[in-house]
Amino acid sequence: MITEGELLDDLNPAQREAVLHRGSPLLVIAGAGSGKTRVLTRRIAHLVLTGETRASSVLAITFTNKAADEMRSRLVNMLGDEARYMWMSTFHSACVRILRTNAERFGYSKSFTIYDTQDSRRLIEQIEKELNVDPKKIRPQALLREIGAAKSEMVDFESYRDRASGPFERTVSEVYSQYQQRLKQFSAMDFDDLLMVTVNLFEACPDILDMYRDRFKHILVDEYQDTNQVQNRLVLMLGEVHRNVCVVGDADQSIYMFRGADVRNILEFEKAFPDVKVIALEQNYRSTRNILDTANAVISNNRSRIPKNLWTSSDTGPPIFRYRANDENDEARFVSKEVKRLVDQEALFYSDMAVFYRTNAQSRALEEAFVMEGIPYKVIGSTRFYDRREVKDLIAYLMVVANPADDLSARRIINSPKRGVGEATLAKVVEYAKANKINLVDSFSYATEAGVSKKASEALAELASVISDLVKMNDDGAGPAQLLATVLERTGYRESIKSLEVHEAQSRMENIAELVSMAGRFGELQDMLETVALVSDADDLYDIEGKVSLMTIHIAKGLEFEVVFMAGMDDGVFPHMRSIDDPVQLEEERRLCYVGITRSKRWLYMTHAWERMLWGAYTSSIPSRFISEIPDELVRDL
DNA sequence: TATCATAGTGTTTTT
DNA sequence: CACTATGATA
């Protein structure tokens, strides 16, 4: 176990102050690379080590599950097993935990289902059709976005209805209301509900709120600049009594406005707690001076910004390298050659390097070039493993087993694998379920009564019997892996894949195998489904050993690399077209650029292409304005 | 009902 | 271009 001295020894005065401060709320303004994670970890360790707080009274919120796991394992190293009792997770995971414990108090089943964005979109599209709204004219995504925005400001569908004006908002209002009713009926919640419903729960049941307020003696939140209003509300609610709230953030790294994040929460925090202690961490330990100067030069172009002076005592380092490529293939070739050269001449490892881009689509050309050069790489993010068709299909079976009220998942499995159930059959069972007020899954056994053809009703009866067996197995304690194996065999899912094209079949089987092996790590179905619903792209960061990492800049937040390539530095790509004529959004793009630059410890490359394949046609572009914001003397052309 | 071909349509970023 | 939605045909 670590000693108190060791905890504080290698900290600078500001960091130490942040670790030691007591007695009032604390706001740590932490510049990029200033050691905020270290401060957060040490602060928690110090609280527990000195006996001031028990680990189980600590609530620490991070941006990703991965970050939470890392912090927890560091704390376990410092404090021993007691650290395992800390609440350390994302807002979403913490809320799920609270909601599961108290679900019955507000009319949801304890085994409520969590819908991801894709599920929500499907449900909304379904509702649009029922309401005779053309999903082509008003895209489900647009509705979901609007509904999500409302939820992140805690506007429920009743209040939305009251304030709706104009045709669009009235449509949204109708869909929103239907959507919520349906979610409730299915005992399901979407991402935004997890947060909003928790706040509602606390408001409706003061005794529950008091319980958690009392329990969490210390609350710590990382990446505060990326919290939205509901999250802010949760923190303020929970922290109100003990007031031992410590939040860490950097307004210059706020890059999730589009998701409802509100930098003003940092200011709100100061307003909510007038006696707040503010500590600024301004020494950067990560990057060379050239990189820091570059970052500072770029970000200083943001007008709505509180100036800050991030400094470093490290060496000047290499200049920023710029390459002007003919097209995206030339750009990718340059990057791959340079990666090779750095490995050969600078004795760097592949895992020291990362390539960042603005949009996932840009990874393609890079991947091709890497394959060509034989460079090992890993694309982080892009299509989530759990979003793959076959994976979602199989998980839908498990979701129905865990929560039979989940009609959306029932709809998904009704004809996958294909069992001769089409639109007509679906309509009949849906109608039957509605008329008899039963779950859609339960209607499968009454297909004949519902007027379904003999062939289809036989298929549905068989499906119903498989599901009831699965439910029984689950009750008897069979693990998720065993359930999956049963689904694969009994439903003919495995068999159905054989009819696919060889390459496709192989890739699907691989994914299924991975899913089954992942399921094997869980004893409880519910645990598995929860993990599946809440893991993010960024949580996928294992397995980069010996590989170059490719990712969007958003995912790169919080990471650092010896060498960073920022590809696609073209006006229109980055900053993105849709942000260019809105000053507010342009500033967010610039912060994103700042985040990218500050990920680099030593080498930074920016590449741009004069021509780029876009929507199947070559489009010409000019270098990103962000490049021209870097002082010339820091840049070297290659 | 399934399958195939064709048309149309859309691409930011994600817990 | 790549994906999906739609519609004609078996």
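Sequence lines set the chain letters: A, B, ... in the order given, protein chains first and strands last, and positions in each chain run from 1.
For the OP1/OP2 pair of B/dT13 and a distance below 4.0 Å, the side-chain nitrogens and oxygens of A/Asn360 include at least one atom meeting the criterion.
A/Tyr446 OH: 12 or fewer foreign heavy atoms inside a 6.0 Å radius.
Per the geometry, NZ belonging to A/Lys418 stands 6 Å off P belonging to B/dT3, to the nearest Å. Between A/Arg358 atom CZ and B/dT14 atom C1' there is a gap of 11 Å when expressed in whole angstrom units. Between A/Asp581 atom CG and B/dT12 atom P there is a gap of 14 Å when expressed in whole angstrom units. In this structure, CG of A/Leu586 is placed 18 Å from P of B/dT13, rounded to the nearest angstrom. Between the P atom of B/dT9 and the CZ atom of A/Arg139 lies a distance of 11 Å, rounded to the nearest Å. If you measure from atom NZ of A/Lys151 to atom P of B/dT15, you get 18 Å, rounded to the nearest angstrom. Taking atom NZ on A/Lys557 and atom C1' on B/dT15, their separation rounds to 10 Å, with Å as the unit. Following rounding to the nearest Å, A/Met577 (CE) and B/dT13 (C1') show an atom-to-atom distance of 16 Å.
When each of B/dG10, B/dT14, B/dT15 is scored by its nearest atom to the side-chain atoms of A/His92, the top-ranked nucleotide is B/dT15. If you check B/dT12, B/dT14, B/dA2 against the side chain of A/Ser579, the one that comes closest is B/dT12. The side chain of A/His554 has B/dT13 as its nearest neighbour among B/dT13, B/dT15, B/dT1. In this structure, of B/dT1, B/dT14, B/dT12, it is B/dT12 that holds the atom nearest to the side chain of A/Arg578. Side-chain atoms of A/Thr117 lie closest to B/dT15 of the nucleotides B/dT15, B/dT12, B/dA2.
In this structure, A/His576 counts as stacked on the base of B/dT12 under the 5.5 Å centre distance and 30° plane angle limits.
Residue contacts shown for A/Gln231 are absent, as no nucleic acid heavy atom lies under 4.0 Å away. Among the atoms of the strands shown, none is found under 4.0 Å from any heavy atom of A/Phe574. Counting non-hydrogen atoms under 4.0 angstrom, A/Thr425 reaches the backbone sugars and phosphates but no base. Using a 4.0 Å heavy-atom criterion, one finds that A/Tyr256 contacts the sugar-phosphate atoms exclusively. At the heavy-atom level, A/Asp192 lies nowhere under 4.0 Å from the strands shown.
Remark: side-chain polar atoms of A/Asp190 are paired, donor with acceptor, to backbone N or O of A/Asp193 under 3.5 angstrom.
The C1' atoms of B/dT13 and C/dT4 are separated by 23 Å, rounded to the nearest whole Å.
In this structure, a donor-acceptor pair under 3.5 Å is present between the side chains of A/Tyr377 and A/Glu367. Using modelled atom types and a 3.5 Å distance limit, the side chains of A/Thr227 and A/Asn265 yield a donor-acceptor pair.
Checking each of A/Phe258, A/Phe63, A/Phe356 against A/His554 for a ring pair (Phe, Tyr, Trp, His ring centres under 6.0 Å) leaves exactly one that passes, namely A/Phe258.
Take the nearest nucleotide of DNA chain B for A/Gly422 and for A/Phe91: the residue whose nucleotide is more 5' is A/Gly422.
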Problem - Derivation of the side-chain contact (heavy atoms from CB on, under 4.5 Å) call for A/Asn228 and A/Asp262 - result: CA-CA 5 Å; A/Asn228 64 26; A/Asp262 193 340; 5.7 Å; no

Problem - Contact pattern, 5' to 3', of nucleotides 1-10 of chain C - B, S or - by protein heavy atom under 4.0 Å - result: SS---S----

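With respect to A/Glu125 and A/Arg139, no salt bridge is recorded, no charged nitrogen being found less than 4.0 Å from a carboxylate O.
The side-chain heavy atoms of A/Glu431 and A/Lys428, taken from C-beta on, include no pair separated by under 4.5 Å.
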